[in-house]
Novice: 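Below you will find the structure I want to go over with you.
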Amino acid sequence: MTMPTLRSIVATLVMASGMVVGISQAAPAVFSPDGVAIRGYDPVAYFTESKPVKGADEFTTEWNGARWKFASAANRDLFLATPEKYAPQYGGYCAYGTAKGHLAPTQPAAWAVIDGKLYLNYNEQVRTRWKKDVIGYNAEADAVFPKLLSGPVEGE
């Protein structure tokens, strides 16, 4: 039996490291920097107060792999009864970005409730662009979102 040469060891290590680099981690189902959905804003408040409202540490729950904060116990309880009703579409990733084939971060102020669903966007300028064709962009996003979850996420 012969000893492996330095060249064959290096070649094996390079191939192995290439395989490791090629493996991508699936994106979280919910955009949640630091594990907190909507950057700590209350998803129910978008519906009940028609504006973004910061959630409180004393009113939280875990759902779909993220921590959700609420402005009140009542809002938390509404969410727990029907989370799909209040959670943002596309896991809180940018609706426009999702339509364009990538998962992008969002800002709580770049929001819209349309047909009883909450949508978030990267910023208010992107939200304005998305609102020009909500039906079209959402159809595109609906088609690609499940596939996008298996890939990496853009910078937060």
Side-chain angles (χ1 to χ4, degrees), residues 17-156:
S17 67
M19 288 187 284
V20 171
V21 170
I23 297 171
S24 66
Q25 186 174 355
V30 174
F31 173 66
S32 50
D34 301 320
V36 180
I38 317 178
R39 299 185 187 271
Y41 281 73
D42 180 341
V44 175
Y46 288 99
F47 296 88
T48 60
E49 298 187 39
S50 299
K51 65 180 182 179
V53 175
K54 193 80 168 155
D57 286 335
E58 61 266 26
F59 307 117
T60 65
T61 192
E62 299 286 325
W63 180 77
N64 210 12
R67 183 171 174 228
W68 298 78
K69 292 185 175 187
F70 304 90
S72 67
N75 281 7
R76 182 193 58 213
D77 294 345
L78 281 170
F79 182 87
L80 286 171
T82 53
E84 294 83 6
K85 177 179 179 178
Y86 297 106
Q89 300 301 293
Y90 315 119
Y93 293 99
C94 176
Y96 179 81
T98 301
K100 294 301 180 184
H102 57 273
L103 297 176
T106 53
Q107 293 299 321
W111 67 281
V113 172
I114 297 176
D115 294 331
K117 295 179 179 181
L118 174 60
Y119 297 91
L120 298 172
N121 278 284
Y122 180 75
N123 61 28
E124 293 177 45
Q125 187 175 17
V126 170
R127 179 188 60 193
T128 299
R129 186 178 309 148
W130 168 78
K131 282 182 126 180
K132 290 179 180 178
D133 185 15
V134 171
I135 293 171
Y137 289 132
N138 287 353
E140 291 174 24
D142 290 345
V144 300
F145 181 63
K147 297 174 205 154
L148 292 176
L149 287 179
S150 62
V153 181
E154 287 187 17
E156 298 176 358

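FYI, side chains are in, hydrogens and waters are out, and symmetry mates aren't considered; it's all heavy atoms of this structure. In this text the structure is predicted, and so the values were computed from the model without any measurement.
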Novice: Which residues pass the ring-ring contact (aromatic ring centres under 6.0 Å, His included) test with Trp63, sequence neighbours left out?
Specialist: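 Per chain and number, Trp63 pairs via ring-ring contact (aromatic ring centres under 6.0 Å, His included) with Trp68, Phe79.
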Novice: Hey, what do you get for CD1 (Ile38) to CG (Leu118), rounding to the nearest 0.5 Å?
Specialist: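 One gets 5.5 Å once the value is rounded to the nearest 0.5 Å.
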Novice: Could you pull out the closest heavy-atom pair between Ala95 and Asn121, with the gap in Å?
Specialist: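 That closest heavy-atom pairing would be N-OD1, 3.5 Å.
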Novice: Side-chain contact test, heavy atoms from C-beta onward, threshold under 4.5 Å: evaluate it for Thr98 versus Trp130 and give yes or no.
Specialist: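 They are not in contact (no side-chain heavy atoms under 4.5 Å apart), so the answer is no.
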Novice: Using every non-hydrogen atom in the two residues, find where Phe31 and Pro105 come nearest and quote the distance to one decimal.
Specialist: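 Where Phe31 meets Pro105 most closely, the heavy atoms are CZ-CB, 3.3 Å.
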Novice: Taking everything shown except Lys85 itself, do over 12 heavy atoms lie less than 6.0 Å from its NZ?
Specialist: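 Count not over threshold, so no.
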Novice: Rounded to the nearest 0.5 Å, how far apart are CZ of Arg67 and CD of Glu62?
Specialist: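 It comes to 7.0 Å.
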Novice: Do the side chains of Leu149 and Leu103 get nearer than 4.5 Å, heavy atoms only?
Specialist: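 Leu103 reaches Leu149 side chain to side chain.
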Novice: Can you give me the closest heavy-atom contact between Trp111 and Pro52, atom names plus distance?
Specialist: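 Closest pair (atom of Trp111, atom of Pro52, distance): NE1-CD, 3.4 Å.
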Novice: With sequence neighbours excluded, what pairs up with Glu49 under the salt bridge (Lys or Arg N to Asp or Glu O under 4.0 Å) test?
Specialist: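 With neighbours one apart ignored, the set is empty.
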Novice: Who pairs with Asn75 by side chain to side chain donor-acceptor pair (under 3.5 Å), at least two apart in sequence or on another chain?
Specialist: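 Asn75: side chain to side chain donor-acceptor pair (under 3.5 Å) contacts with Asp42.
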Novice: Side chain of Ser150, backbone of Leu148: donor and acceptor closer than 3.5 Å?
Specialist: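 Flag not set: sc Ser150 to bb Leu148 has no pair under 3.5 Å.
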Novice: Give a yes or no answer on whether the side chain of Ser32 reaches the backbone of Pro28 with a donor-acceptor pair at less than 3.5 Å.
Specialist: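 The answer is no, because no donor-acceptor pair under 3.5 Å joins these two groups.
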Novice: Can you name the side chain to side chain donor-acceptor pair (under 3.5 Å) partners of Tyr119, sequence neighbours left out?
Specialist: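 Counting only residues at least two positions away or on another chain, Tyr119 forms a side chain to side chain donor-acceptor pair (under 3.5 Å) with Asn138.
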Novice: Got a second to check how far Thr106's OG1 is from Arg39's CZ, nearest 0.5 Å?
Specialist: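 The CZ atom of Arg39 is 6.0 Å from OG1 of Thr106, to the nearest 0.5 Å.
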Novice: So, using side chain to side chain donor-acceptor pair (under 3.5 Å) as the criterion, who are the partners of Asp142 when residues are at least two apart?
Specialist: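 Asp142 satisfies side chain to side chain donor-acceptor pair (under 3.5 Å) with Tyr90 once adjacent residues are dropped.
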Novice: How far does CD of Glu124 sit from CZ of Arg129, to the nearest 0.5 angstrom?
Specialist: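 Result: 14.0 Å between the selected atoms.
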Novice: I need the minimum non-hydrogen distance between Ala112 and Lys131, along with the two atoms involved.
Specialist: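 Residues Ala112 and Lys131, closest heavy atoms: CB-CE, 4.1 Å.
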Novice: Can you name the nearest heavy-atom pair linking Cys94 to Val126, along with the distance?
Specialist: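 Shortest heavy-atom contact: SG-CG1, 3.9 Å.
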Novice: Rounded at 0.5 Å granularity, tell me how far CG in Asn123 sits from CZ in Arg127.
Specialist: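 That separation rounds to 9.0 Å.
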Novice: Sequence neighbours excluded, which residues qualify as side chain to side chain donor-acceptor pair (under 3.5 Å) partners of Asp57?
Specialist: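 Partners of Asp57 by the side chain to side chain donor-acceptor pair (under 3.5 Å) criterion, ordered by chain and then number, come out as Lys69.
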Novice: What about the rings of Tyr137 and Tyr96, do their centers lie closer together than 6.0 Å?
Specialist: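 Ring centres of Tyr96 and Tyr137 closer than 6.0 Å.
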Novice: Between CG of Leu78 and CZ of Phe47, what distance do you get to the nearest 0.5 Å?
Specialist: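 Answer rounded to 0.5 Å: 11.0 Å.
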Novice: If I compare all heavy atoms of Val53 with all of Ala71, which pair ends up nearest, and what's the gap?
Specialist: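 That would be CG1-CB, 3.8 Å.
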